[in-house]
Trainee: 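I'd like to ask you about the structure that follows.
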Amino acid sequence: MILPLHEQLKARVRAVLAERYEITDPDLNVPVETPPNRTMGDLGTPVAFDLARRLRKAPRVIAQEIADALGPLPGITKVEAAPSGYLNVFLDRPAFLLARLGVAGSLPAPTPRSDKTIVEHTAINPNKAAHIGHLRNSALGDTLVRALRFRGSPVEVQNYIDDTGVQVADVVVGFREFEKIDLAGAKHLAATTRFDYYCWDLYARVTEWYDGDKERLKIRQATLHDIEHGVEPTASLAAFIADTVVRAHLKTMARLNIDYQLLTWEGDILRLKFWARAFDAMQATGAVYLQNDGKHAGCWVMKIDDPDAAATPEDDDPESREKVIVRSNGTAVYVAKDMAYQFWKSGLLGHDFYYRPFATRLNGEPLWATTSDPALAVKDHPAFGAAAATYNVIDVRQAYLQKLLKQALTAIGHPAEAERLTHFSYEMVALSHATAKELGFAPAEGSDEAKKPFVEVSGRKGLGVKADDLIDRVIAKAQSEVERRQPDLSDAERRRIAEDIGVAAVRYFLIKYSRTKVIVFDIDEALSFEGESGPYLQYAVVRANNIFQKLQDRLGIDQAAMLAPLPTMPPDFINGSDGDHELWALVLEAARLDDVVEQVVRTLEFAVLAKYGFALAQMFNAFYHRAQILNEERDDVRRWRAAAVAYFRMQLTRMLELMGVAVPPRM
RNA sequence: GCGCUCGUAGCUCAACUGGAUAGAGCAUCGGCCUUCGAAGCCGGGGGUCGCAGGUUCGAGUCCUGCCGAGCGCACCA
């Protein structure tokens with residue numbers, strides 16, 4: 001944990017700039033970085049470069065003047081102006097490490113944050129099994145939740161369930177038209193088959209069927225109408241399908257240690273007339289108005305004030321500057337429901353759901369769901385909604401709609417809330433041609449599809465890798481590796497370990513790419529446990545844990561006993577008096593976790609977290625090979641090394657928790 | 001047509017809000033299991049950072065133009 005030191009250094013440098021140069025701009029940045037290596041320093045700032053022109057002095061000279069004026073700082077032993085112009089500082093290494101291990105000294109308590117934050121992620125249409133594209137959303141969303149909590153923010157995780165959309169309607173059509181299955185039949189099916197897999201295939205067949213004769217789309221429209229208006233028996237069948245598939249999704253996500261606090265159902269938003277409330281607010285503030293002329297005559301429209309978001313291909317016509325919100329027949333478009341939902345999230349709707357317990361969370365607490373039925377409502381529930389900040393985790397293809405949401409908030413007079421709404425956007429997952437071929441989805445030679453750099457995943461076509469299939473394959477691979485290496489363990493133990501490894505492999509794979517990059521999914525790459533992979537990180541911690549296990553087994557010494565004498569031992573070894581700073585480098589890198597989490601939350605770039613964990617594990621592995629502990633005879637050296645390893649394993653374990661990954665006892 | 005994103009080693013990707021010598025994994029070549037676990041470590045080869053200008057003490061990073069790829073732009077959801 002290094003951020004408190006950053007803050008202290010920044011504050012002191014600012015004070016010096018004010019005293020010595022009378023520079024007090026509040027927005028003057030004092031960036032704190034980590035120099036390339038430990039002989040140059042532990043923290044550094046290029047602040048002198050910014051001031052060079054202003055002060056008409058060389059950066060080197062300015063850095064030196066600041067260094068001279070800084071005075072003594074707690075935890076810092078030396079400040080140095082590098083020839084390059086950087087201002088570098090050196091930390092009190094023994095004090096730094098021992099405080100973080102709780103052996104000696106103390107750390108400042110972190111300042112708690114109080115602003116409630118809602119994170120919405122997953123939101124899979126409840127009409128088929130989850131696939132790898134959905135998994136990217138959930139992995140990013142869940143890691144965001146964990147990162148926010150790590151830094152002390154209270155978070156509410158929601159999963160939006162579109163139970164009244166066309167996708168569910170399509171599967172209902174399949175049940176009726178192809179299978180002649182009613183509600184009782186569907187219940188029987190759910191009890192005897194993989195229901196979400198069954199729906200996966202059925203959905204693809206329905207899509208194909210529509211393509212055969214466009215007249216059939218009328219059946220979809222009628223079905224959708226019946227679902228929205230609660231017309232039986234369609235409504236009950238649709239509700240059963242959605243409920244069953246949602247429960248399957250929850251199971252799939254639970255395998256990856258992903259869960260939620262609240263499921264918000266679109267049907268409840270409809271039945272509780274959230275849109276009517278939102279519409280009132282939008283009319284009252286002039287956010288929407290009735291268009292009398294042109295092609296949007298008779299529609300309620302919202303002005304699009306961002307020229308980036310032109311609504312139609314024809315530019316320069318006035319209609320392209322407005323978005324239809326309510327059609328001329330009086331029905332609201334899709335995004336209208338999202339607006340109502342967003343108003344509720346931001347605490348601006350003045351109306352609430354009823355709530356019912358739906359399932360049990362991973363931690364044993366109830367998972368709540370919204371309901372519109374007072375008979376099902378449970379009074380004693382946590383307060384939901386009305387957050388100070390919102391993150392909507394949803395892929396980049398929805399960027400336009402998310403922009404409209406933000407604009408709607410501004411339009412009803414709440415620019416601050418709009419500012420605190422973040423579209424966490426990420427690119428989609430596609431299949432490599434090799435993997436698509438392996439799955440039997442090779443596009444026809446010479447077709448447009450075949451010329452593309454990748455094959456697009458499509459739930460509509462049933463083209464994709466199902467999440468559970470992927471997880472099964474990864475775990476099976478891990479299982480065979482564990483069986484080879486751990487013959488003395490029981491089957492159950494090996495299974496547990498294989499599951500931990502599988503989760504690590506899948507989750508690491510899903511966050512290691514920048515969110516702006518399309519993941520071209522390749523099955524062999526996802527199944528790799530070598531090099532930059534989740535299991536590599538786990539393996540490093542397992543080895544570190546083993547050292548302490550062996551200390552206990554062979555010598556009867558636990559970690560506390562090993563580290564207790566360090567405050568009175570010579571610090572030469574951690575100080576690198578012999579010119580070797582490898583041990584200290586490992587400690588300092590391990591301490592950067594809070595800095596990395598801060599950066600990750602600021603930029604929503606979780607690849608940075610993944611890379612950090614990997615680099616840290618790499619440093620440890622190198623150290624591990626060079627520096628023995630059990631066989632080291634010099635007592636001080638042995639204990640300093642043990643301290644470094646103790647801190648490393650603590651920090652990398654925490655990093656793995658941030659991506660929902662556990663460390664197995666062996667692997 | 002307009003907008004957003006991407007283009008870095010043979011392949012897949014990094015490069016912290018413009019900073020110190022552009023780094024990893026895979027692949028390839030060569031070493032290391034009688035020392036805390038080889039899912040590992042050490043080393044070699046491999047780069048006009050798409051192209052051309054510009055801003056800056058400093059550009060892979062910012063600006064402009066061009067080339068190539070992907071996505072989005074409905075009274076669909």
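Sequence lines set the chain letters: A, B, ... in the order given, protein chains first and strands last, and positions in each chain run from 1. Remember, it's a predicted structure, so these values are computed and weren't measured experimentally.
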Trainee: Taking pairing as Watson-Crick or G-U wobble with both contacts under 3.5 Å, can you name the mate of rU28(B), or confirm there isn't one?
Mentor: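 For rU28(B), the partner nucleotide comes out as rG44(B), under the 3.5 Å rule.
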Trainee: F509(A) vs F521(A) aromatic rings, parallel, tilted or perpendicular, using cut-offs 30° and 60°?
Mentor: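 Correct class here is perpendicular.
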Trainee: Using a cut-off of 4.0 Å on non-hydrogen atoms, how would the nucleic acid contact of P35(A) be classed: base, sugar-phosphate, or nothing?
Mentor: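 Counting heavy atoms under 4.0 Å across all strands, the contact made by P35(A) includes a base.
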Trainee: When the C1' atoms of rG30(B) and rC16(B) are considered, how many whole Å apart are they?
Mentor: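 Between the two C1' atoms, the distance is 35 Å.
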Trainee: Nearest to the side chain of E33(A), heavy atoms from C-beta on, is which of rC16(B), rG25(B), rG70(B)?
Mentor: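 The nucleotide sitting nearest to the side chain is rC16(B).
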Trainee: Indicate whether OP1 or OP2 belonging to rC76(B) is found under 4.0 Å from a side-chain N or O atom of R460(A).
Mentor: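 It does not, given that no N or O in the side chain of R460(A) lies less than 4.0 Å from OP1 or OP2 of rC76(B).
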Trainee: Once each nucleotide of nucleotides 7-15 of chain B is scored for protein heavy atoms under 4.0 Å, what B/S/- sequence comes out, 5' to 3'?
Mentor: S----SSS-
Trainee: Within the 4.0 Å heavy-atom criterion, would you say D524(A) contacts the bases, only the backbone, or no part of the nucleic acid?
Mentor: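 Nothing, no heavy atom under 4.0 Å.
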Trainee: Run the ring pair (Phe, Tyr, Trp, His ring centres under 6.0 Å) test against H625(A) and tell me which residues pass, sequence neighbours left out.
Mentor: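 With neighbours one apart ignored, the set is empty.
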Trainee: For residues 599-616 of chain A, which residue pairs qualify under side chain to side chain donor-acceptor pair (under 3.5 Å), counting only residues two or more places apart or in two chains?
Mentor: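 Of all non-adjacent pairs touching residues 599-616 of chain A, those that pass side chain to side chain donor-acceptor pair (under 3.5 Å) are E532(A)-K611(A).
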Trainee: One pair to check against salt bridge (Lys or Arg N to Asp or Glu O under 4.0 Å): E449(A) and K451(A). What are the steps and the verdict?
Mentor: CA-CA 5 Å; E449(A) 275 286 290; K451(A) 284 176 198 148; over 6 Å; no
Trainee: Using O4'-C1'-N9-C4 for purines and O4'-C1'-N1-C2 for pyrimidines, with syn meaning within 90° of 0, is rC33(B) syn or anti?
Mentor: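 Syn conformation here, the glycosidic angle of rC33(B) being no more than 90° from 0.
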Trainee: Which nucleotide, rU21(B), rC16(B), rC75(B), lies nearest any side-chain atom of R592(A)?
Mentor: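 Comparing rU21(B), rC16(B), rC75(B) against the side chain of R592(A), the answer is rC16(B).
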Trainee: For Y160(A), check ring pair (Phe, Tyr, Trp, His ring centres under 6.0 Å) against everything at least two apart and list the hits.
Mentor: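 Ring pair (Phe, Tyr, Trp, His ring centres under 6.0 Å) check on Y160(A) returns Y341(A).
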Trainee: Does NZ or CZ of R649(A) fall inside the cone over F548(A)'s six-membered ring, less than 6.0 Å from its centre and within 45° of the axis?
Mentor: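 Satisfied, under 6.0 Å and within 45°.
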Trainee: Rounded to the Å, how far apart are R397(A) CZ and rC73(B) P?
Mentor: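 Atom-to-atom, R397(A) to rC73(B), this comes out as 10 Å.
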Trainee: In the structure shown, which nucleotide is the Watson-Crick or G-U wobble counterpart of rA38(B), with both distances under 3.5 Å?
Mentor: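 Base-paired to nothing in any strand shown.
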Trainee: With sequence neighbours excluded, tell me which residues meet ring pair (Phe, Tyr, Trp, His ring centres under 6.0 Å) with F454(A).
Mentor: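 Once residues adjacent in sequence are excluded, F454(A) has no partner under the ring pair (Phe, Tyr, Trp, His ring centres under 6.0 Å) criterion.
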Trainee: Quick one: Q398(A) CD to rA77(B) P, roughly how many Å, whole number?
Mentor: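 The distance from CD of Q398(A) to P of rA77(B) comes to 13 Å, rounded to the nearest Å.
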Trainee: Any base atoms under 4.0 Å from P453(A), or only sugar-phosphate, or nothing? Heavy atoms, all strands.
Mentor: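 The residue P453(A) makes sugar-phosphate contact but no base contact.
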Trainee: Looking for any heavy atom pair under 4.0 Å, which part of the strands does A505(A) touch: base, sugar-phosphate only, or nothing?
Mentor: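 A505(A): no heavy atom of the nucleic acid under 4.0 Å.
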Trainee: Parallel, tilted or perpendicular, judged at 30° and 60°: which one describes the rings of H229(A) and H225(A)?
Mentor: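 Parallel: the ring planes of H229(A) and H225(A) meet at under 30°.
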Trainee: Could you tell me whether E493(A) and R496(A) have a side-chain N and a carboxylate O separated by less than 4.0 Å?
Mentor: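 So E493(A) does not pair with R496(A) through a salt bridge.
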Trainee: Nearest-Å distance, CZ (F509(A)) to P (rG25(B))?
Mentor: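 Checked: the CZ to P distance equals 18 Å.
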Trainee: Using a 4.5 Å cut-off on heavy atoms from C-beta on, say whether the side chain of Y536(A) contacts that of F614(A).
Mentor: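 SC-SC contact between F614(A) and Y536(A) confirmed.
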Trainee: Tell which nucleotide pairs with rU8(B), taking only Watson-Crick or G-U wobble pairs whose two distances are both under 3.5 angstrom.
Mentor: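 Its partner: none found.
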Trainee: Can you check each nucleotide of nucleotides 28-42 of chain B against protein heavy atoms at under 4.0 Å and return B for base, S for sugar-phosphate only, - for none, in 5' to 3' order?
Mentor: -------BBBSBBSS
Trainee: Between rC76(B), rG70(B), rC16(B), spot the one nearest the side chain of F454(A), thanks.
Mentor: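 From the listed options, rG70(B) comes nearest.
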Trainee: Is there a Watson-Crick or G-U wobble partner for rC71(B) with both distances under 3.5 Å, and if so, which one is it?
Mentor: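 Result: rG3(B).
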Trainee: Using whole Å, report how far NE2 of H423(A) lies from P of rU5(B).
Mentor: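 Rounded to the whole Å, the gap is 13 Å.
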Trainee: Quick one: closest heavy-atom pair of Q538(A) and V661(A), and the distance?
Mentor: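 In terms of heavy atoms, the two residues are closest at NE2-CG1, 3.6 Å.
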Trainee: Just to be sure I understand the rule, does L401(A) reach a base, reach only the sugar-phosphate, or reach nothing, if contact means heavy atoms closer than 4.0 Å?
Mentor: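 Counting heavy atoms under 4.0 Å across all strands, the contact made by L401(A) includes a base.
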Trainee: Counting side-chain heavy atoms from CB outward, which of rC16(B), rA77(B), rG25(B) is closest to Y334(A)?
Mentor: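 Ranking rC16(B), rA77(B), rG25(B) by closest atom to the Y334(A) side chain puts rA77(B) first.
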Trainee: Does the side chain of K451(A) get closer than 4.0 angstrom to OP1 or OP2 of rG70(B) through an N or O atom?
Mentor: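 So the side-chain polar atoms of K451(A) never come under 4.0 Å of the phosphate oxygens OP1 or OP2 of rG70(B).
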Trainee: Can you tell me the Watson-Crick or wobble partner of rC62(B), both distances under 3.5 angstrom?
Mentor: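 Partner of rC62(B): rG54(B).
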Trainee: If we call it a pair only when both distances are under 3.5 Å in a Watson-Crick or G-U wobble match, what pairs with rU17(B)?
Mentor: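 The answer is none; no pair meets the criterion.
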